[in-house]
Novice: 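Attaching a single structure in structure tokens format; questions to follow.
A, B, ... follow the sequence lines: proteins, then strands. Residue 1 opens every chain.
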There are 2 protein chains.
Amino acid sequence: MRDPRAEAERAGWRNDKGADLLSAAARRTCGGKVVTGPRSRRGGGRPTIADVARKAGVGAITVSRALREPGRVSQDLRRQIQDAVDELGYVPDPNARALASARAEVFGVLVPSLTNSVFAEVVRGIYDSLSDSPFRIQLGNTHYSGLEEERLLQVFAPQRPAALIVAGIDQTPLSRKLLETAGCPVVQVMETGPDPVDMLVGFSHFDGGRTATEHLIEVGCRRIGFIGARMDPRSQRRLAGYRAAMEAAGLFDPRLVTTTPLLSSVTLGRELFRDALAKMPSLDGVFCNNDDIALGVLFECHRAAIAVPKTIGIAGFNDLDMMQTAFPSVTSVRTHRYEIGRRAVAMALAAIAGNRPEQRIVDLGFELMRRESTAR
Amino acid sequence: MRDPRAEAERAGWRNDKGADLLSAAARRTCGGKVVTGPRSRRGGGRPTIADVARKAGVGAITVSRALREPGRVSQDLRRQIQDAVDELGYVPDPNARALASARAEVFGVLVPSLTNSVFAEVVRGIYDSLSDSPFRIQLGNTHYSGLEEERLLQVFAPQRPAALIVAGIDQTPLSRKLLETAGCPVVQVMETGPDPVDMLVGFSHFDGGRTATEHLIEVGCRRIGFIGARMDPRSQRRLAGYRAAMEAAGLFDPRLVTTTPLLSSVTLGRELFRDALAKMPSLDGVFCNNDDIALGVLFECHRAAIAVPKTIGIAGFNDLDMMQTAFPSVTSVRTHRYEIGRRAVAMALAAIAGNRPEQRIVDLGFELMRRESTAR
DNA sequence: AGGTGGAATGGTAGCGCTACCATTCCGTAG
DNA sequence: CTACGGAATGGTAGCGCTACCATTCCACCT
């Protein structure tokens, strides 16, 4: 199974010194002076655009054009060049291309978490939308940190990406400046707001939080707790929506709110719910910051034999698949994560192509999924 | 808030024709002949290594060395150069660097899914391990398809990545050849096996499946079903482990096995469990391909008032956080996904540095977490 | 004093591609 | 018939960096 040639190649990069000695030995000397031939192909022997041009009997630049703007090359040459490309197995070097054109075919994507399934789905939408394009994706994990976001933008910008997609609208001033001066389309995602850096696709977390809370009030809950983890700006807005609904109904009480900066998880949801109950045993509803928390609440209700929705109504946020299957099924605010990713890419591609979307701010909304957990 | 200069810059790339006209207007003519000065900085005015060299009063190559191999430059110059770098805000251009050195500071990472939290955690381990290194990450989603994996490898290879990390050991022959001839360290992850392309970090899915099944047998289950979705090679090996344990105990019956090629989800787990029960109502245990499925089974048991573990014991795979919090808590095979990502990077970095790990195959094992769902 | 070897630094020549012209060749208008 | 303009193609000169030598300088030996 093992290919000895490949093995030898691997040995090459294992130790650069070894490789140096080899090439030194292979060097020719002539009359005491060292004469070096043309530098041996560092690229590992892959064909270059010049090889294709030679084979097709045209200039290198024509090959370049045939590949990038086929319309500008006559059909005959185009076919000839394509044949040469196929025969040689030529693949353009993206690094050389980026250097020469001062523009890399890369989308920079910054998300606060790779494991939070909400962002994972946005990222999946982005990947799926770009899989047939020449664009690669450079993904960065900001860990919900503005400073980390700044750092990553400073790493991404020098690569001159074709577009940048970032989560949220609460960039630090430096991050915002980096985005503004990146010289490429920028799409902020997952939220909505009046003043995007460039383009924006998302929905209103405030409205989502308010809608879910209003629903709990409608079905007869009165002492409705808010349980939230990792209170990032989006969670804060959901909390604000909750608060607005509660205040409008004259039901708000700060003791109803239980939050933590810790990263969200089902287990943490259970613990926070226990804290909330200890603080306020008469709770008859909870709006959870997200579905992980809601699931933790649901499990604790099972464990403590608290009837859902009879004793306590539960509403979550995001509508993960499991919420419809849970027992009882859990009311949640469905958000269109995958579609946000797709839309962000579509807008960026349009801008790159020169026709920016007329609508710079796209609100994809949300949908309240009423289920058993609030059916009272 | 809006910076008009940035706005203008954006207008520039909106329409290349516009930019062309601008620069054409700025071109000087002299005696009827068009004279172009040195090509205007396409890079957008960012400082280059030559600017730093000039400022520091040294050769460009010395700056390059000071940045990449500080040990080979005297301390005086090093400081001088660092000052110039700081003052100019110089950041090396990764594209130029990759072109000149025929080696990009990029890790190529191929996973079958971005939303499956198992791979998300591997990816997180990889990102966290590389966040302080100069290496970037190029992530590819194979969608559990061998052909897609081939396609992505053909995209990645021309970029001459510093290392490749791929999920699984079941590459197609072409993919395997691409990996072998990539000329960089290759780490296969998530599984173990005798014949890696280069290096390997993972665990035995067969043993995991067998161990979970043996545990169900030990606690007294006899008619133990296997429920699995998206039967990728790893799922197949878990199934094989299940089968081995069942056959060893004289309990195997093909009607106990319920699988589907559909993508795994909690909802699908519930449906498959209903199918399994319809086929075999006397089921007294289930080993689930993964925790999503197990959760679906658990919810269906709640809904159908099937006592867990009394009537049916449930075991899952991967031990997601929620399994310990579920009610009843669910027995699962804990796998070390994050650590696999970290270890893969550590091995690749060691190989890049020239000292390949003595151990090319690392088995990180797994741990059976016995919980209420099998406490009979 | 001359030789030797190593450390520090620099010059040159590309890496593979594309921007920016220049050139050629046609069809059409004058 | 010539001038003109546009379409198709090519040549040249880099993009910003690093590999590969060459050079310098010094300590240390013989």
Side-chain angles (χ1 to χ4, degrees), chain A residues 16 19-20 23-24 27 29 33-44 46-53 56-78 80-81 90-105 158-160, chain B residues 16 19-20 23-24 27 33-44 46-53 56-78 81 90-105 158-160:
Chain A
D16 277 350
D20 282 4
S23 61
R27 222 170 286 134
T29 60
K33 273 195 75 161
V34 175
V35 180
T36 55
R39 173 152 44 163
S40 72
R41 278 267 183 74
R42 300 208 214 113
R46 288 194 308 121
T48 72
I49 205 170
D51 297 326
V52 176
V58 299
I61 191 64
T62 305
V63 175
S64 176
R65 258 197 294 262
L67 263 30
R68 290 175 300 128
E69 322 166 76
R72 293 192 42 190
V73 174
S74 70
Q75 195 163 359
D76 285 0
L77 280 191
R78 214 153 61 207
Q80 228 164 298
I81 288 167
Y90 168 74
V91 184
D93 181 328
N95 298 119
R97 187 170 264 190
L99 181 59
S101 66
R103 173 65 63 212
E105 291 186 321
Q159 298 178 51
R160 325 213 115 259
Chain B
D16 276 349
D20 282 3
S23 59
R27 221 170 286 136
K33 272 197 74 162
V34 175
V35 180
T36 54
R39 173 151 46 165
S40 73
R41 279 268 181 74
R42 298 208 213 113
R46 289 193 306 123
T48 72
I49 205 170
D51 297 325
V52 177
V58 299
I61 191 64
T62 304
V63 175
S64 175
R65 257 197 295 263
L67 263 31
R68 290 175 301 129
E69 324 167 74
R72 293 192 41 188
V73 174
S74 72
Q75 196 163 357
D76 285 2
L77 280 191
R78 214 153 61 209
I81 289 167
Y90 168 74
V91 183
D93 180 329
N95 297 120
R97 189 170 262 189
L99 181 59
S101 66
R103 174 66 60 212
E105 291 185 322
Q159 297 179 53
R160 324 215 116 259

Novice: Applying the side chain to side chain contact (heavy atoms under 4.5 Å, CB included) test to B:Tyr90, which of B:Asp51, B:Leu67, B:Ile81 qualifies?
Specialist: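 Among the candidates, only B:Leu67 passes.
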Novice: How close or far is atom P of D:dC15 from atom CZ of B:Arg97, stated in whole angstroms?
Specialist: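 So the CZ-P distance, B:Arg97 to D:dC15, works out to 18 Å.
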Novice: May I have the distance from B:Leu99 (atom CG) to D:dC15 (atom P), rounded to whole angstrom?
Specialist: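 To the nearest whole Å, that distance equals 13 Å.
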Novice: Take atom CD in B:Gln75; do more than 12 heavy atoms of anything else shown fall under 6.0 Å from it?
Specialist: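 Not more than 12 within 6.0 Å, no.
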Novice: Using a cutoff of under 3.5 Å, can you pull out all pairs of nitrogen or oxygen atoms linking the protein to nucleotides 23-27 of chain C, with atom names and distances?
Specialist:
none

Novice: Angle, rounded to 10°, between the helical axes spanning five pairs at each terminus of the helix from C:dA1-D:dT30 to C:dG30-D:dC1?
Specialist: 50°
Novice: Going by number, which of residues 57-65 of chain B have a non-hydrogen atom under 4.0 Å from DNA chain C?
Specialist: B:Val58, B:Gly59, B:Ile61, B:Thr62, B:Arg65
Novice: Using a 4.0 Å cut-off on heavy atoms, which residues in residues 70-78 of chain B reach DNA chain D? List them by number, or say none.
Specialist: none
Novice: So, using side-chain hydrogen bond (donor to acceptor under 3.5 Å, both in side chains) as the criterion, who are the partners of B:Arg68 when residues are at least two apart?
Specialist: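 For B:Arg68 the side-chain hydrogen bond (donor to acceptor under 3.5 Å, both in side chains) partners, ignoring immediate neighbours, are B:Ser64.
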Novice: Please report the distance, rounded to the nearest Å, between CZ in A:Arg103 and C1' in D:dG16.
Specialist: 16 Å
Novice: In whole angstrom, what separates B:Arg160's CZ from C:dG16's P?
Specialist: 9 Å
Novice: Say you draw a straight line from OG1 of A:Thr48 to CG of A:Asp93; how long is it, rounded to the nearest 0.5 Å?
Specialist: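 Rounded to the nearest 0.5 Å, the OG1-CG separation comes to 10.0 Å.
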Novice: The side chain of A:Ser101 lies closest to which of these nucleotides: D:dT18, C:dT18, D:dC17?
Specialist: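 Closest of the options to the side chain of A:Ser101: C:dT18.
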Novice: Looking at CZ of B:Arg65 and CG of B:Leu77, how far apart are the two atoms once the value is rounded to the nearest 0.5 Å?
Specialist: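 It comes to 10.5 Å.
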Novice: Can you list everything that forms a side-chain hydrogen bond (donor to acceptor under 3.5 Å, both in side chains) with A:Gln80? Sequence neighbours excluded, please.
Specialist: none
Novice: Would you say A:Arg68 reaches C:dA19's phosphate, i.e. side-chain N/O to OP1/OP2 under 4.0 Å?
Specialist: yes
Novice: If the condition is salt bridge (charged side-chain N to carboxylate O under 4.0 Å, His left out), which residues does A:Arg97 pass it with, not counting sequence neighbours?
Specialist: A:Glu105
Novice: Rounding to a whole Å, what distance do you find between B:Tyr90:OH and D:dG16:C1'?
Specialist: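 Rounding to the nearest Å, OH of B:Tyr90 and C1' of D:dG16 are 7 Å apart.
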Novice: With rounding to the nearest 0.5 angstrom, report the CZ to CG distance, A:Arg103 to B:Asn95.
Specialist: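 So the gap between those two atoms works out to 10.5 Å.
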